[in-house]
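Worth saying up front: this structure is predicted, and the values here are computed from it rather than measured.
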Amino acid sequence: MARSILRKFPIGVQSFKKIRDNQFLYVDKTALVYELANSGGSYFLSRPRRFGKSLLISTFEAYFKGQKELFEGLAIEQLEKDWITYPVLHIDLNAEKFDAPEQLDALLSNQLTQWEEIYGKGEDETTLSLRFKGVIRRAAEQTGHPAVVLVDEYDKPLLQSLHKEAALHSAYKDTLKAFYGVLKSADQYLRFYLLTGVTKFSQVSVFSDLNQLNDISMDKRYNEICGLTWQEIADNFEPELKELAEDNDLTPEETRETMTRLYDGYHFMFGQEGIFNPFSVLNVLDRSQFDNYWFKTGTPTFLVELLKKTDYDLRDIDGVQMAVDGFADYRADVQRPIPVIYQSGYLTIKDYDKEFRLYTLGFPNEEVKYGFLSFIAPFYTAIPSTESPFYISRFVIELESGDVDAFMERLRAFFADIPYELNDKTERHYQAVFYLVFKLMGQFTEAEVRSARGRADAVVKTRDYIYVFEFKLDGTVEEALRQIDDKGYLIPYQSDGRQLIKVGANFSAEERNIENWTSQ
């Protein structure tokens with residue numbers, strides 16, 4: 001339903017000046033901008049895509065250019081007294097598709113040429129790095145103020161070349177390492193510099209010469225510098241929230257609960273307030289309709305490839321643990337998929353064990369959870385991602401009616417339809433398929449999938465029934481049922497009031513399918 005409230009939403013607008021000049025809605029982050037700009041000189045910030053990094057860079061650019069008029073009525077207007085105009089060098093690596101070595105060189109050279117037209121060029125500055133250092137020095141000397149360098153999506157060439165030929169990725173890495181290394185050698189001419197990106201590649205690559213960078217990605221002081229808190233949403237979008245509730249027949253409390261369930265849950269530091277995905281929030285409030293807005297803007301194909309190459313156990317992804325050091329030393333390689341999946345926004349911090357310094361990661365919200373699982377399903381099953389809800393709803397309907405045999409027959413037919421090339425006959429593959437089917441059922445009913453020892457393989461709760469499933473690979477249905485009894489899998493639900501049904505099944509590795517089953 002179209003909005004009746006005519007306020008301008010800055011969806012896709014990444015220029016702070018454009019937002020302010022054209023009266024787009026703006027959630028004031030300028031107090032944090034001022035604090036960061038006046039607390040030090042060299043920073044790195046990692047946030048998922050579509051999380052406001054480009055707008056943040058643009059806000060810093062306007063501030064350091066002394067464009068006081070753009071900040072009228074914002075917090076920084078009362079904080080800044082001097083409004084000094086600094087020379088700002090803004091590098092945007094979003095503007096190119098990086099699939100050949102010369103493309104990165106061309107983009108950087110083009111940017112340098114524009115600056116050299118303003119500040120001049122040294123005759124002996126023949127490399128990109130020498131030209132960059134020369135521009136920084138002359139900008140500071142000619143203006144009388146140290147320069148500011150802002151780099152937006154510093155890692156885009158590396159991410160785009162990650163699964164292409166190794167030589168291309170290595171060439172990009174070498175170019176960026178030398179180029180960004182200038183920031184350290186030119187430090188005396190710099191007032192401030194900030195690099196943003198999705199991932200932090202390891203210290204042995206592009207950051208090896210930038211060990212002075214202050215990584216604020218997990219700094220609680222800047223937890224809210226990108227993204228939105230619920231308070232910010234409530235304070236800035238009251239009329240849109242009211243209309244969203246009316247259009248979807250929800251109370252204000254139900255509206256908040258739905259927004260939280262779908263779009264909240266990002267934690268960049270344990271113990272801090274959850275952050276809402278700003279792209280999805282702006283879209284749902286602008287359109288007054290719930291949908292998977294953020295997930296639709298990018299497909300995690302390279303992350304799926306990482307999972308498959310490592311034969312990663314999908315059942316562990318929602319609840320995986322990672323040591324503190326894992327956040328500080330990112331390596332985008334096939335042996336360590338979880339850190340990159342975290343930084344890409346598909347996982348977030350859920351818990352922290354202080355004694356062992358272990359973080360527990362999980363899906364931040366339902367938009368990401370079911371979007372990711374639906375996207376990954378075709379890589380393991382015969383379910384097309386666009387038809388996942390249709391396929392899964394059939395399973396749910398049968399369990400809601402208490403028809404276990406129909407459910408198991410459908411599951412058996414489902415396995416029979418898996419293309420041979422997708423089925424590698426390993427137990428891990430079968431486990432992944434079970435996991436995806438039951439996890440995706442959670443969109444429509446209360447379904448849990450367990451991988452920990454001593455837990456049932458799956459539990460599904462409908463209005464009238466609670467099902468406990470146990471699958472045995474090349475075992476017997478009697479063994480499966482006996483395990484349900486011996487392990488007490490039904491005990492937690494005995495006082496629930498719904499009918500309890502235990503389902504034991506045997507899966508034949510040779511036949512690549514469910515051989516038989518029984519329920520009690």
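Between Lys242 and Glu238, no side-chain nitrogen of the basic residue sits less than 4.0 Å from a carboxylate oxygen of the acidic one, so the salt-bridge criterion is not met. Between Glu240 and Arg7, at least one side-chain nitrogen of the basic residue sits less than 4.0 Å from a carboxylate oxygen of the acidic one, meeting the salt-bridge criterion. The residues Lys29 and Glu232 are annotated as salt-bridged, a charged nitrogen and a carboxylate oxygen being separated by less than 4.0 angstrom.
Among residues at least two apart or in separate chains, ring pair (Phe, Tyr, Trp, His ring centres under 6.0 Å) pairs with a member in residues 108-133 are Phe132-Phe179.
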Test log, rule ring pair (Phe, Tyr, Trp, His ring centres under 6.0 Å), inputs Trp294 and Tyr346: CA-CA 11 Å; Trp294 178 80; Tyr346 297 95; 5.3 Å; yes
side-chain contact (heavy atoms from CB on, under 4.5 Å) between Val88 and Phe60, worked out: CA-CA 9 Å; Val88 177; Phe60 273 108; over 6 Å; no
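Centroid-to-centroid, the aromatic rings of Phe237 and Phe9 come within less than 6.0 Å. For an aromatic pair to be called close, the ring centres must be under 6.0 Å apart, and Tyr263 with Phe279 fails this. With ring centers used as reference points, Phe268 lies under 6.0 Å from Phe51.
For Tyr43, the ring-ring contact (aromatic ring centres under 6.0 Å, His included) partners are Phe192, not counting sequence neighbours. The side-chain contact (heavy atoms from CB on, under 4.5 Å) check on Gln272 picks up Lys220, Asn223, Met269, with sequence neighbours excluded.
Between the side chain of Asn22 and the backbone N or O of Phe24, no donor-acceptor pair lies under 3.5 Å. Without hydrogens or angle criteria, Gln443 side chain to Leu440 main chain gives a donor-acceptor distance under 3.5 Å. Distance alone, capped at 3.5 Å, is enough to place a donor-acceptor pair between the Thr143 side chain and the Ala139 backbone. A donor-acceptor distance shorter than 3.5 angstrom exists from the side chain of Asp28 to the backbone of Thr30, with no hydrogens or angles considered. A side-chain donor-acceptor contact under 3.5 Å links Thr85 to the backbone of Lys65. Here the side chain of Ser170 pairs no donor or acceptor atom with the backbone of Ala166 at under 3.5 angstrom.
Under 3.5 Å, the side chains of Tyr172 and Gln160 contain no donor-acceptor pair of N or O atoms. When only modelled atom types and interatomic distance are considered, Ser46 and Gln343 share a side-chain donor-acceptor pair under 3.5 Å. No side-chain N or O of Asn214 forms a donor-acceptor pair with one of Ser42 less than 3.5 Å apart. The closest side-chain donor-acceptor pair between Arg131 and Thr113 falls under 3.5 angstrom.
For the residue pair Lys350 and Phe270, the shortest heavy atom distance occurs at O-CE1, 3.8 Å. Contact detail for Gly40 and Arg191: the closest heavy-atom pair is O-NH1, 4.1 Å. For Leu244 against Met259, the heavy-atom pair with the smallest separation is CD2-SD, 3.9 Å.
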